[in-house]
Amino acid sequence: MSEQTLVSKEKLAERVREMGRQITDDLMGQQVVMICILKGAVHFFSDLTRAIDLPVNDVMDDFMQVWSYAGKNTTKVVTITKEPTVSFKGKVVLIVEDVTDRCYTMREVVDYFLKHGAAKVLVAVLFDKPSAHEVEFTPDYIGFSIGPEFIVGYGLDYNEIYRNVPEVRVLQG
Ligand code: IMP
Ligand code: MG
């Protein structure tokens, strides 16, 4: 297995700051609960939440864990293994996800928040693979649109390794 750099840590930081500015403009004046989808979105979430400049009373952070992958393959069955605890009823939920691939995961997660009373659900994804979608889904905020390649680093894993790599790489082989 070999790896090749796709996005440097400088480019990641720059794009996340831009996304933060846009989300700040769009959500000013609203009550927002930001949801980190564990574990892959952890670094993106940490950087994005600090790049969003909304009043402190208007933003809460929480975490959710969802399971669907084994190695490079989705099982299509999405299981929620940790539910959020912060109350998001009547608020805007901003889901922060690492990558949308076939989109089974985001469809399930968005439905969960709508079913449990969110006023509105938005999705910010760092990487979108439009050519891999099997479920119809369009993220509201996209960091980078990429091909169907398997990527690792900046939180993204292959069998739990590579998450600590500061840049994003394509895994080949
Ligand atoms: P989906 O349901 O196929 O959209 O899968 C999305 C989930 O699969 C993400 O939350 C990731 O955890 C994982 N995933 C999809 N593509 C990749 C990848 O290229 N690298 C690492 N994880 C991925
Ligand atoms: Mg994930």
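We count ligands from 1, going down the list as the structure has it; atoms in each ligand are counted the same way. Bear in mind the structure is a predicted one, so any value in this text is a computation, not a measurement.
- Within the structure, ligand 1 has Asp157 among the residues with a heavy atom less than 4.0 angstrom away.
- Side-chain contact check for Leu126 versus Leu12: some heavy-atom pair is nearer than 4.5 Å.
- Residue Ile151 touches ligand 1 through backbone and side chain together, judged by heavy-atom distances below 4.0 Å.
- Looking only at atom types and distance, the side chain of Tyr154 has no donor-acceptor partner in the side chain of Asp98 under 3.5 Å away.
- At least one heavy atom of Leu156 lies less than 4.0 angstrom from ligand 1.
- Ligand 1 does not have Gly40 within reach: every non-hydrogen atom of the residue lies 4.0 Å or more from it.
- In Met106, neither the side chain nor the backbone holds a heavy atom less than 4.0 Å from any atom of ligand 1.
- Considering only non-hydrogen atoms, atom 10 (O) of ligand 1 lies nearest to Glu97 out of Lys129, Glu134, Glu149, Glu97.
- Remark: the Tyr104 side chain and the Glu134 side chain contain an N/O donor-acceptor pair separated by less than 3.5 Å.
- Salt bridge absent: Glu14 and Lys11 never bring a charged side-chain N and a carboxylate O closer than 4.0 Å.
- Of all atoms in ligand 1, numbered sequentially from 1 with element shown, those under 4.0 Å from a heavy atom of Thr105 are 1 (P), 2 (O), 5 (O), 6 (C), 7 (C).
- When heavy-atom distances to ligand 1 are checked against a 4.0 Å cut-off, Asp98 comes that close only through its side chain, counted from C-beta outward.
- Checking only distances, Ser68 never comes within under 3.5 Å of ligand 1, N or O to N or O.
- Between the side chains of Ser145 and Asp128, not a single donor N or O lies within less than 3.5 Å of an accepting N or O.
- Ligand 1 has a nitrogen or oxygen under 3.5 angstrom from a nitrogen or oxygen of Tyr104.
- Of the N and O atoms on the side chains of Thr5 and Glu167, at least one donor lies less than 3.5 Å from an acceptor on the other residue.
- Using a 4.0 Å cut-off between a side-chain N of Lys or Arg and a carboxylate O of Asp or Glu, Lys39 and Glu160 qualify as a salt bridge.
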